[in-house]
Amino acid sequence: MNPKINVKDYEPIVGKSYIEELRMLASRLSGKTVLNINSTFVGGGVAEILSRLVPLLNQLGVDVRWQIISGEARFFKVTKKLHNALHGKAESISDDDFSVFLETAERNSRQIDFSGDILFIHDPQPAALIAKKSDIGKKWIWRCHIDISRPDNRVWEFLRQFITNYDAAVFSSPNFAQQLPIRQFFAPPSIDPLSDKNKELSVEAVDAVLAKYGLNQGKPLILQVSRFDRLKDPLGVIKAFELVSKNFACQLVLAGGTASDDPESGEVLQEVRERAGDNPDIHVLDIPPESDIDINALQRAATIIMQKSLREGFALTIAEALWKAKPVVASAVGGIPLQVRNRLTGLLCHSVEGAAYALRQILANPDYGQWLGRNGKEHVRQHFVITREIRDYLLIFLTLDHREDVISL
Ligand code: UDP
């Protein structure tokens with residue numbers, strides 16, 4: 001946890017009255033404990049958000065804790081397949097896979113200390129812990145960070161039996177949700193402008209990171225930051241870059257890493273390296289976890305930031321890019337269109353050729369790129385800063401104690 005976090009530091013970004021409202025809402029939760037459970041402390045968007053949200057809520061006086069479930073490699077292989085299938089990708093999932101999922105949940109429910117009034121369970125991996133509710137009661141919320149609007153039906157039916165036992169579900173957008181017989185709330189994710197990932201950096205600090213990775217400082221830099229995952233389409237990014245680099249001198253950086261709950265990433269990294277071959281303008285960087293300053297510096301050094309995913313959750317990388325006032329070229333999937341308003345806060349694409357066309361537009365007209373970036377930063381300030389997500393959660397936690405039919409908004 002970061003002892004330096006201070007809620008007051010957010011006043012210049014969102015205004016004093018916003019922070020006062022957070023304090024007022026937090027005070028109403030005094031005496032209650034909220035326990036977050038997900039599957040990893042590092043790697044990926046959920047860990048990224050929790051690592052800032054938890055200390056900030058503590059600072060506001062709410063007793064918020066964070067634990068992870070443990071599992072063997074085969075459990076994470078199964079959850080990766082479930083994740084892909086919930087995103088609508090075809091996967092072969094056996095009855096044994098479902099058993100591994102259930103056994104791991106069962107073991108974790110014996111090991112985890114569930115002390116807390118509100119159990120805030122993130123994503124499918126720990127969803128089956130809900131079985132514990134019949135013993136211990138309490139309020140249970142399922143926080144779904146992925147887009148499950150077009151899932152593989154068999155996998156969704158399997159997961160749904162757990163979700164319907166929760167008191168409520170939270171989705172990032174109505175477009176990501178499913179019909180459920182429980183209460184649903186909507187809260188888009190957010191970024192922390194003061195974290196190492198997003199804070200201002202000096203020119204020297206940015207240059208030092210470029211030098212560390214052997215990047216040419218003089219050439220326009222196109223960047224995609226993503227775990228090495230096929231759904232992030234790194235090969236599509238390389239193809240789009242190859243189309244553009246015929247006419248524009250530029251370099252591509254694919255900066256990624258692995259998450260401990262993602263067993264496929266090593267294989268994908270290898271594929272990407274092979275596809276990049278010996279092109280001196282394509283840099284495939286395997287970035288160790290917790291290299292937030294490095295990622296921040298690469299994003300700040302970029303001329304254009306891409307996110308050419310085939311499927312997405314919210315895509316925090318977009319909010320991070322926009323906060324740095326960068327023009328983005330990104331696929332119109334998942335939460336990306338919430339952040340990229342086409343031709344206003346970035347450019348949306350639907351294919352490799354579309355991505356290449358958008359890249360050319362910005363490379364040929366840097367003023368247009370800067371204008372998109374400035375708009376994007378303001379869009380993030382208004383909608384996707386962490387204080388907004390904190391406010392949403394505080395309201396959801398408070399609402400749980402009220403009957404649905406007596407809430408008036
Ligand atoms: N990220 C990182 N290092 C990497 C790759 C990704 O720190 O090598 C971060 C990225 O900056 C973002 C998060 O991981 O904060 C990824 O979140 P996103 O919602 O974009 O994608 P997810 O990985 O959850 O699918």
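Counting convention: from 1, in listed order, for ligands and their atoms alike.
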>> Checking contacts here: is it the side chain or the backbone of Gln307 that comes within 4.0 Å of ligand 1, counting heavy atoms only? Could be both or neither.
In response: neither

> Which residue holds the protein heavy atom closest to atom 24 (O) of ligand 1, what is that atom called, and what is the gap in Å?
Replying inline: Gly45 N, 2.9 Å

>> Heavy-atom distances under 4.0 Å decide this one: backbone, side chain, both or neither, for Val225 against ligand 1?
In response: side chain

> Going by distance only, is there an N or O of Ile295 that falls short of 3.5 Å from an N or O of ligand 1?
Replying inline: no

> When the ring centroid of Phe384 is compared with that of Trp323, is the distance short of 6.0 Å?
Replying inline: no

> Short N/O distance, under 3.5 Å, between Lys232 and ligand 1?
Replying inline: yes

> Do side-chain atoms of Gln224 reach the backbone of Val237 as a donor and acceptor pair under 3.5 angstrom?
Replying inline: no

> Does the ring center of Tyr18 lie less than 6.0 Å from the ring center of Tyr10?
Replying inline: no

> How long is the span from the CD1 atom in Ile390 to the CD1 atom in Ile49, to the nearest 0.5 Å?
Replying inline: 11.0 Å

>> For Glu157, is there an ion pair with Arg154 - N to carboxylate O distance below 4.0 angstrom?
In response: no

>> If the cut-off is 4.0 Å to any non-hydrogen atom of Glu320, which atoms of ligand 1 fall inside it?
In response: 10 (C), 11 (O), 12 (C), 15 (O)

>> Regarding atom 2 (C) of ligand 1: of the candidates Lys197, His83, Glu48, which has the closest heavy atom?
In response: Lys197

> For ligand 1, which atoms, with element, lie under 4.0 Å from some heavy atom of Ala315?
Replying inline: 19 (O), 20 (O)

>> Polar contacts were defined as any N/O atom of the residue lying under 3.5 Å from an N/O atom of the ligand; does this apply to Asp292 and ligand 1?
In response: no

> What's the verdict on salt bridge (Lys or Arg N to Asp or Glu O under 4.0 Å) for Asp167 and Lys133, showing C-alpha distance, side-chain angles and the deciding distance?
Replying inline: CA-CA 10 Å; Asp167 294 284; Lys133 188 181 176 196; 3.4 Å; yes

> What protein heavy atom is closest to atom 8 (O) of ligand 1, reported as residue, atom name and distance in Å?
Replying inline: Gly256 C, 2.9 Å

> So Val7 and Leu56, side-chain contact (heavy atoms from CB on, under 4.5 Å) or not? Walk me through it.
Replying inline: CA-CA 7 Å; Val7 183; Leu56 276 171; 3.9 Å; yes

>> The test is salt bridge (Lys or Arg N to Asp or Glu O under 4.0 Å); show your working for Glu106 and Arg110 and say whether it passes.
In response: CA-CA 7 Å; Glu106 215 263 314; Arg110 278 183 269 113; 3.0 Å; yes

>> Tell me whether Val46 has any N or O atom under 3.5 angstrom from an N or O of ligand 1.
In response: no

>> Can you tell me how the ring of Phe101 sits relative to the ring of Phe158, calling it parallel under 30°, perpendicular over 60° and tilted otherwise?
In response: perpendicular

>> Is there a salt bridge (Lys or Arg N to Asp or Glu O under 4.0 Å) between Lys239 and Glu353? Walk through the geometry before answering.
In response: CA-CA 9 Å; Lys239 281 188 209 152; Glu353 292 71 23; over 6 Å; no

> Considering only the protein, which heavy-atom contact is closest to atom 18 (P) of ligand 1, and what is its distance?
Replying inline: Leu316 N, 3.5 Å

> Is there any N or O on Arg227 that sits under 3.5 Å from an N or O of ligand 1?
Replying inline: yes

>> Any nitrogen or oxygen of Ser226 lying under 3.5 Å from a nitrogen or oxygen in ligand 1? Just yes or no.
In response: no

>> What I want to know is whether Gly257 and ligand 1 share at least one N or O pair that is separated by under 3.5 angstrom.
In response: yes

